[in-house]
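The structure appears below as structure tokens.
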Amino acid sequence: MRRRHFLGATGAAALLAGSGAFARTLAALAAGPGDIAARTLSGGETLLPGAHVAALAAALRGAVILPGTAGYESARKAWNGLFDRRPALIAQCTGAADVVAAVDFAREHALLTAVRGGGHSTSGKSTCEGGLIIDLSPMRAVRVDAATRTARVAGGALLGQLDHETAIHGLATTSGTVSHTGAGGLTLGGGYGRLARRFGLACDNVRAFDLVTADGKALVVTEAAHPDLYWGLRGGGGNFGVVTSFDFRLHEVDPIVLGGILVWPAQRARDLLRFYRDAVATLPDDVNVDVFMAHTPDGPVIGMELCASGRRSAGERVAAQLRTFGKPLVDTIAPIAYVTLQKRVDAQNPHGVFHYGKAGFMRELGDAAIDAAIDSFAAAPPGSIVLSIQLGGGAIGRVAKDATAFTHRDGNFWVVQISNWTDPALTESHIAAARTSWARIDPHTSGKYVNSIAEEDYGKLRVLYGPNLERLIALKDRYDPANLFRLNANVAPSRRADELSLPATPRPVAGRRAT
Ligand code: FAD
């Protein structure tokens with residue numbers, strides 16, 4: 001163990017005593033500064049000397065939270081309640097310097113490491129059993145520069161915070177459809193949302209990333225500086241390091257858009273999906289129309305959600321066209337604050353819900369795919385799944401498939417099957433039913449999205465990354481050869497981590513210089 005990189009327990013305790021932020025860690029260590037059992041990258045066990053953990057706590061402005069201390073139970077929780085993991089320690093980072101210290105600690109102890117932005121990984125990749133969570137949740141600042149139309153967004157910020165700050169300037173950029181989702185994970189994997197057809201994916205709008213790499217370097221990644229990483233961070237997920245800040249390009253968007261839903265009984269689903277397919281074929285980019293099928297207390301329904309963020313006349317025309325489908329059960333389309341529409345389904349996706357999702361892209365919505373979707377929804381136990389289609393195309397599709405790591409530019413329809421439940425007794429049956437349902441739809445898909453896959457799909461790297469896979473592996477070899485950042489849609493380096501000796505460059509945990 002490289003003890004000399006860490007303060008001794010006494011020195012650490014003296015430092016800790018002066019800072020309220022470290023009180024929880026100090027309490028735990030004072031109670032018995034024994035070694036902490038932890039999980040390594042290779043799945044083995046290690047003992048972290050208490051003095052090393054104390055030194056990490058002393059190096060951070062944020063808190064290091066340990067099992068059994070106040071705050072641990074809430075800090076370890078993931079959005080998806082299925083992933084009830086107990087990490088050995090949680091490093092709550094307040095900025096890039098904290099992240100560098102945490103990454104150095106993880107690497108030097110070869111620790112299983114998760115990085116948490118908003119915590120909404122549908123398959124629990126931002127938490128882990130027995131390892132370290134590098135928790136960015138204290139980093140949520142959003143600063144808008146209206147003159148340059150740029151938003152600087154900290155790595156742990158939530159989409160609602162981004163939308164909230166940009167709207168007061170009459171500006172926005174693409175973000176997702178549930179406001180408590182993290183900007184970090186969503187953007188690194190791609191980033192679909194109500195403005196994506198107009199402005200491209202969230203990742204297409206990033207000008208610069210502040211990145212901490214596996215060797216603990218703090219880089220500013222732009223098209224000019226580190227173009228290889230700039231390519232890989234736009235769709236390659238969390239494979240290449242921890243993004244501590246994003247600079248997003250903003251666009252003029254009226255804070256009031258035309259939006260809302262139209263709902264019909266699910267018996268009309270086949271006709272509606274064909275109608276929808278035809279209607280969206282000529283849709284202007286500044287209009288988005290998504291579809292959902294769900295069970296309500298009054299029975300199963302199918303609906304369309306409109307968001308017309310540009311010219312009001314274009315929105316009115318599309319709304320009128322959608323209404324020609326027939327008299328709906330519900331019609332809420334009206335002028336609405338964009339930030340309000342962005343929260344429309346927040347409550348249906350609460351923190352702690354048990355969630356199992358299957359999803360894939362379709363280039364076309366053919367009759368056979370429509371039939372499969374309807375059959376699968378009809379056959380699923382009532383209330384067990386919600387089916388949604390988020391529309392692609394527009395600006396998303398005008399980017400070349402190899403211009404960014406995100407390759408599914410022709411995935412015109414992102415089809416998502418969602419199962420949410422709260423009773424743990426239903427877990428097995430819900431997952432089984434969801435798999436059976438999705439098996440009908442899956443053959444019609446043309447690729448999968450790293451941000452929305454179930455555990456069993458993580459190994460399907462060609463399906464996830466297409467022809468960009470080899471370039472991503474080369475990037476991984478260069479920036480993370482030991483695969484420290486593996487809890488993601490993991491692009492494993494070409495050499496196995498156990499063939500490499502983990503970097504053992506002695507250095508202090510604090511006082512590093514940014515590059
Ligand atoms: P986390 O769980 O924190 O992280 C997910 C992954 O990203 C992990 O591998 C993590 O290590 C990595 N990561 C996160 N932040 C960073 C960072 N700063 N630096 C390095 N790595 C990081 N996707 C869409 O495209 N459009 C949508 O409209 C949409 N809606 C969604 C709604 C809900 C309710 C949910 C649960 C998901 C939705 N998704 C959507 C999928 C979403 O993009 C992913 O779940 C995404 O990973 C969430 O990001 P996060 O930061 O909250 O997740």
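Atoms within each ligand, like the ligands themselves, are counted from 1 in listed order.
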Give the residue and atom name of whichever protein heavy atom lies nearest to atom 30 (N) of ligand 1, and the separation in Å to one decimal. T177 OG1, 3.8 Å
Could you check whether F248 and F199 have their ring centres less than 6.0 Å apart? no
Specify the protein heavy atom at minimum distance from atom 26 (N) of ligand 1: its residue, its atom name, and the distance to 0.1 Å. Y192 O, 2.8 Å
Atom 19 (N) of ligand 1 within contact range, any protein heavy atom under 4.0 Å: yes
Below a 4.0 angstrom heavy-atom separation, can you tell me which part of N349, side chain or backbone, both or neither, approaches ligand 1? side chain
How many angstroms lie between CZ in R76 and CG in D84, if you round to the nearest 0.5 Å? 4.5 Å
Nearest 0.5 Å please: distance from the CG atom of D135 over to the OG1 atom of T94. 11.5 Å
Take atom CD in E428; do more than 12 heavy atoms of anything else shown fall under 6.0 Å from it? no
Can you list the ligand 1 atoms lying under 4.0 Å from a non-hydrogen atom of L136? 17 (C), 18 (N)
Quick check on G190 - does any of its heavy atoms sit under 4.0 Å from an atom of ligand 1? no
Carefully, step by step, assess D410 and R363 under the rule salt bridge (charged side-chain N to carboxylate O under 4.0 Å, His left out). CA-CA 6 Å; D410 53 1; R363 293 193 188 98; 2.9 Å; yes
How far is atom 53 (O) of ligand 1 from its nearest protein heavy atom, and which residue and atom name does that atom have? H120 N, 3.2 Å
Considering the heavy atoms of Q390, write down every atom of ligand 1 situated less than 4.0 Å from one of them. 27 (C), 28 (O)
Any idea which of V353, L186, D346 brings a heavy atom closest to atom 40 (C) of ligand 1? L186
Start with the C-alpha gap between D442 and K448, add the side-chain angles, then the distance that decides, and say whether salt bridge (charged side-chain N to carboxylate O under 4.0 Å, His left out) holds. CA-CA 10 Å; D442 198 51; K448 296 195 191 301; 2.6 Å; yes
Please examine the side chains of L195 and N288, heavy atoms only from C-beta on, and report whether any two atoms are closer than 4.5 Å. no
How are the rings of W414 and F361 set relative to one another: parallel (under 30°), tilted (30 to 60°) or perpendicular (over 60°)? tilted
Over 60° means perpendicular and under 30° means parallel, so classify the ring planes of H120 and H351, tilted if in between. perpendicular
R143 CZ: over 12 foreign heavy atoms closer than 6.0 Å: no
G238 neighbourhood, listing ligand 1 atoms whose heavy-atom distance to it stays under 4.0 Å: 21 (N)
Using a 4.0 Å cut-off to any heavy atom of G118, which atoms of ligand 1 qualify? 3 (O), 50 (P), 51 (O), 52 (O)
Ligand-side contact atoms (ligand 1) for residue partner R116, heavy atom cut-off under 4.0 Å: 3 (O)
What I want to check is whether the side chains of H251 and N205 have a donor and an acceptor closer together than 3.5 Å. yes
Among protein heavy atoms, which sits nearest to atom 44 (C) of ligand 1, and what does the distance come to when rounded to 0.1 Å? N451 O, 3.5 Å
Counting from 1, what ligand 1 atoms have a heavy atom of L188 closer than 4.0 Å? 16 (C), 17 (C), 19 (N), 20 (C), 21 (N), 22 (C)
Contact between W421 and L82 at the side-chain level, heavy atoms closer than 4.5 Å - yes or no? yes
Check this for me - ligand 1, S126, N or O atoms closer than 3.5 angstrom, yes or no? yes
Region of W79 that comes within reach of ligand 1 [heavy atoms, distance under 4.0 Å]: side chain
For atom 7 (O) of ligand 1, which protein heavy atom lies nearest, and how many Å away is it? G185 CA, 3.5 Å
Would you say the side-chain atoms of D247 and T150 include a donor-acceptor pair closer than 3.5 Å? no
Value for CG (D204) from CZ (F406), rounded to nearest 0.5 Å, stands at 8.5 Å
Quick look: W414 vs ligand 1, heavy-atom contacts under 4.0 Å, and the answer is side chain
Does any N or O atom in G117 lie less than 3.5 angstrom from one in ligand 1, N or O only? yes
Do NZ/NE/NH1/NH2 and the carboxylate oxygens of D285 and R398 come within less than 4.0 Å? yes
What I want to know is whether H180 and ligand 1 share at least one N or O pair that is separated by under 3.5 angstrom. no
Check whether more than 12 heavy atoms from other residues, nucleotides or ligands sit under 6.0 Å from atom CD of E470, and answer yes or no. yes
Ignoring angles and geometry beyond distance, decide whether F246 reaches within less than 3.5 Å of ligand 1 through its nitrogen or oxygen atoms. no
Whether A183 lies under 4.0 Å from ligand 1, heavy atom: no
K460 vs D457, test: salt bridge (charged side-chain N to carboxylate O under 4.0 Å, His left out). Steps then yes/no. CA-CA 6 Å; K460 300 174 182 165; D457 295 319; 2.6 Å; yes
With a 4.5 Å cut-off on side-chain heavy atoms, are I333 and L258 touching? yes
When you measure from atom 52 (O) of ligand 1 to every protein heavy atom, which one gives the shortest distance, and what is it? G182 N, 2.8 Å
Output yes when the distance from some N or O of ligand 1 to some N or O of L487 is under 3.5 Å, and no in every other case. yes
Within 4.0 Å of some non-hydrogen atom of G176, the atoms of ligand 1 are 27 (C), 28 (O)
I need the atoms of ligand 1 closer than 4.0 Å to a non-hydrogen atom of V242, numbered in the order shown. 19 (N), 20 (C)
Report yes or no: does G191 have a heavy atom closer than 4.0 Å to ligand 1? yes
Are any of the N/O atoms in T181 less than 3.5 Å from those in ligand 1? no
Between K476 and N490, is there a side-chain heavy-atom distance shorter than 4.5 Å? yes
Is there a polar contact between ligand 1 and V178, counting only N or O atoms under 3.5 Å apart? no
Can you pull out the closest protein heavy atom to atom 10 (C) of ligand 1? Residue, atom name and distance to 0.1 Å, please. V115 O, 3.0 Å
Under 3.5 Å, N or O to N or O, is N488 touching ligand 1 that way? no
Give a yes/no verdict on whether any heavy atom in Y449 is under 4.0 Å from an atom of ligand 1. yes
Does the N or O separation between S121 and ligand 1 drop below 3.5 Å for any pair? yes
